[in-house]
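Encoded as C-alpha cells, the structure appears first; notes follow it.
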Protein chains: 2
Amino acid sequence: MTLPPQPGPPAERSPRAIPEATVSRLAIYLRVLGQLAEGGAETVSSEELAAVSGVNSAKLRKDLSHIGSYGIRGVGYDVASLQHELEKVLGLDHPQRVALVGVGNLGHALAGYGGFGGRGFPVTALFDVDPDLVGVPLGGIEVHHVRDIAAVVPAAGVTIGMIATPAQAAQAVCDELVAAGVRSILNFAPAVLQVPEEVEVRKVDLAVELQVLAFHVARRSGGITEGVATVSPVVNGRHGSAVGLS
Amino acid sequence: MTLPPQPGPPAERSPRAIPEATVSRLAIYLRVLGQLAEGGAETVSSEELAAVSGVNSAKLRKDLSHIGSYGIRGVGYDVASLQHELEKVLGLDHPQRVALVGVGNLGHALAGYGGFGGRGFPVTALFDVDPDLVGVPLGGIEVHHVRDIAAVVPAAGVTIGMIATPAQAAQAVCDELVAAGVRSILNFAPAVLQVPEEVEVRKVDLAVELQVLAFHVARRSGGITEGVATVSPVVNGRHGSAVGLS
DNA sequence: TCGTGTGAATAGATTCACAGCG
DNA sequence: CGCTGTGAATCTATTCACACGA
C-alpha cells in the first residue's frame, strides 16, 4: 500500500490573529472567571487571574491583549465583561452541536458527561455500528448507525464531531464526518487521522499522555519516594496561591 | 529541584534534554512502528514514518536524532530496533503502575480501557468517596476510599496518578497523591491543579478542547455547508483498506 | 545514489521590563 | 501610585538544505 501523498503544499498562509497556544488558555481563563464570578468578584487583576489559572501574569496579559483592550489600568479586568468577550471570541455565543461516533466504553461516558463542563456543547447525534446499540436511546438521544452519518449530521446541524471508536475504524469514520461537512473533529481514538487541510483535528490520546508521564518518571530516576508520606494535606508549594511574585 | 546547579560559567545546559514537544511525538512514532511491524515491515524511511505519523520528515529526523543515531543512511530505520529504543527512552521497559481516583462516569470508562492502548499501564489501584462504590471490585480491582490513598498508593508501587473526579475535589485529591509520593499526574478534571514543581501534571480537558474547536468553527465563518452533502471533498488516501464499517 | 543527521535559518511562544494611563 | 498593554529580548520549536556515510 502506498502512503498518503503529502509532499509539500504551497503553505497557504492564514493570518492567524490569535496564536494557537493562546486560544486554549483563553478557554481556561473563561472557566476561572466563572468561578470568580460565582465567588462574587467584580474585578480581577492579571496577577490574580494568572495565579488561579496556573500561568504567569505577563503571559495572561499578552494573551488578553490579542482579543483587545478590556482591562482598566490601575484596577484590573471587569469579570463579567471579560467573560463575555472571551465567550464571543471562542464562538460560544451560539452553541455548537456535537456528534459522537462510537458509543462503547469511553463514548458512553462522554455522552453522559452532561454538556461538557456545564454548557455550550450539547451532544446532538450519536452513532455506532453495534446492532445492540443502534436504535437504543441514550440519554434521550437515539443511536444511529454509522452509515447514516451523511444523512443525519447535516440535518442535525452538527458542527463538531467526536470520534470514540476503536483505532481501526477511526479513519473511515473521520472521512464520513468530513464528507458530511464537519470541519472540526475531536479524536479520542489512538490513531493519526489524515484530513484535508481545511479540517481541524484535535486529539485526546491517553496512551500518549501516559507515555509522556512515564518518560518523566524514568528521567527523574525513581518515581516514588521510598520513605512513606510526609504530611497529608500538603498545600501547593508553588507561588503563593493568591498573589505571588514570579 | 533537580540537580545542584553549576555556579561558575553562564548557561551551561544539560546535554541530555529531549524537547518536550518531541517526547509526545515519540510516543506516536512508537505506536505507528507497532502497526508497521504488524504489517511485516523491516525498515522504514523517515519519509514514510513521518507521513503515517502526520508530521513532516525533517521534524521526525530531528526528533529521532535527540535519542541517538539509529538510522541507516541510504536505507532508513530498522523497525524493530527503533521500537526498542523508543520504548527505552519512554521508560516503558518496566511498566508503570497507575492509580485512578474517581470511578464515576468517566473514571469507569478509563478503568475499563484495557491497559490504555494495549499495554504498559496497568491500573493498580482505584479510589472514590462514594460508599456505593468503595469495596466493590471493578475489573478485578477493589475500589478503596480516597482517605486511604496515603496508605495504598505507596504499598502498590504506584508511579502515575489519574484524577477523574469532579472539579471541586480535584485539588484535594491531587494533594493526597503528591503526599503519597506520586510525581506524575494525569488530570481529567476541569480544574487547574497547583502542585510543587517536582510534580509533572498533564491535563486532558474536554471543555477546553471543544472550545478550541468552537473557536475554529466561528473563525471559519460557517462550519457546515448548508447544501446537502453533495460534496465529498476527496479525502486523501487510505480508503480501500479493511474498514470495519458497513 | 539515497536517506540520515545536523548546522543554520525561520517561525513561534514566553518572559522581561517599562512606558503610560486611570 | 498600581496595573495594563506592549516592544524587545529570550527561549523553544520547526523547517530548510546539504554534507556525509552506507
Side-chain angles (χ1 to χ4, degrees), chain A residues 3 6-26 28-29 33 41-79 81-82 85-86 212 239 242-246, chain B residues 10-26 28-29 33 41-79 81-82 85-86 197 212:
Chain A
L3 292 165
Q6 190 68 300
E12 196 158 324
R13 276 295 277 178
S14 28
R16 197 149 282 181
I18 300 183
E20 194 59 32
T22 291
V23 175
S24 47
R25 285 192 300 265
L26 293 182
I28 292 170
Y29 305 150
L33 283 170
E42 295 266 307
T43 61
V44 262
S45 68
S46 63
E47 249 347 301
E48 291 171 312
L49 184 50
V52 184
S53 303
V55 302
N56 83 29
S57 66
K59 192 189 288 186
L60 180 134
R61 288 198 303 276
K62 178 81 74 176
D63 283 343
L64 293 186
S65 79
H66 285 110
I67 69 170
S69 292
Y70 300 106
I72 306 152
R73 287 165 195 243
V75 178
Y77 301 87
D78 179 76
V79 171
S81 68
L82 184 53
E85 289 303 328
L86 287 176
V212 172
H239 315 304
V243 187
L245 188 59
S246 58
Chain B
E12 184 80 15
R13 287 276 162 190
S14 60
R16 279 260 137 188
I18 298 182
E20 195 58 33
T22 292
V23 175
S24 48
R25 287 192 299 265
L26 293 181
I28 293 170
Y29 306 150
L33 283 169
E42 296 265 307
T43 61
V44 262
S45 68
S46 62
E47 209 55 74
E48 291 169 313
L49 182 50
V52 184
S53 302
V55 302
N56 83 31
S57 66
K59 191 188 290 186
L60 181 134
R61 290 198 303 277
K62 178 81 70 175
D63 283 343
L64 294 184
S65 77
H66 286 110
I67 68 170
S69 290
Y70 300 106
I72 307 152
R73 288 167 195 239
V75 179
Y77 300 87
D78 179 74
V79 171
S81 68
L82 184 53
E85 290 303 328
L86 287 176
E197 61 177 306
V212 172

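Protein chains get the first letters and strands the later ones, always in sequence-line order, with residue 1 at the start of each. Remember, predicted model here, so these are calculated numbers, not experimental data.
Distance from the side chain of A21(B) is smallest for dA13(D) among the nucleotides dA13(C), dT15(D), dA13(D). Checking dC16(C), dT14(C), dC16(D) against every side-chain atom of A58(B), the shortest atom distance belongs to dC16(D). In this structure, of dT15(D), dA13(C), dT6(D), it is dA13(C) that holds the atom nearest to the side chain of P19(A).
Within the 4.5 Å cutoff, no side-chain heavy atoms of V52(A) are placed close to those of V44(A). L64(A) is listed as a side-chain neighbour of L82(A), based on a closest heavy-atom distance under 4.5 Å. Residues L60(B) and Y29(B) form a side-chain contact, since some pair of their non-hydrogen atoms from C-beta on lies under 4.5 Å apart.
Between the NZ atom of K59(B) and the C1' atom of dG5(C) there is a distance of 17 Å, rounded to whole Å. Atoms CD (E20(B)) and P (dC11(D)) sit 18 Å apart, rounded to a whole Å. Residue K62(B) contributes atom NZ, which lies 10 Å from atom C1' of dC16(D) at whole-angstrom precision. Put simply, CG on L49(A) is 13 Å from C1' on dT4(D), counting in whole angstrom units. Nucleotide dG5(C) holds its P atom 12 Å from the CD atom of E85(B), rounded to whole Å. Rounded to whole Å, atom P of dT4(D) lies 13 Å from atom CG of D78(A). As a whole-Å value, the separation of L64(B) CG from dT14(D) C1' is 15 Å. In this structure, E47(A) atom CD and dG5(D) atom P are separated by 14 Å, rounded to whole Å.
Both R25(A) and Y70(B) sit near DNA chain C, but only Y70(B) has its closest nucleotide nearer the 5' end.
Considering OG1 of T22(A) and CD of E20(A), their distance stands at 9.0 Å, rounded to 0.5 Å. From Y77(B), atom OH reaches atom OG1 of T43(B) across 12.0 Å, with rounding to the nearest 0.5 Å. Between the OG atom in S81(B) and the CG atom in L86(B) there is a gap of 9.5 Å [rounded to 0.5 Å].
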What's touching nucleotides 1-3 of chain D from the protein side, N or O pairs under 3.5 Å?
residue, atom, partner, partner atom, Å
dC3(D), O4', G74(A), N, 3.1

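Around CD of E42(A), the count of heavy atoms belonging to other residues, nucleotides or ligands within 6.0 Å does not exceed 12.
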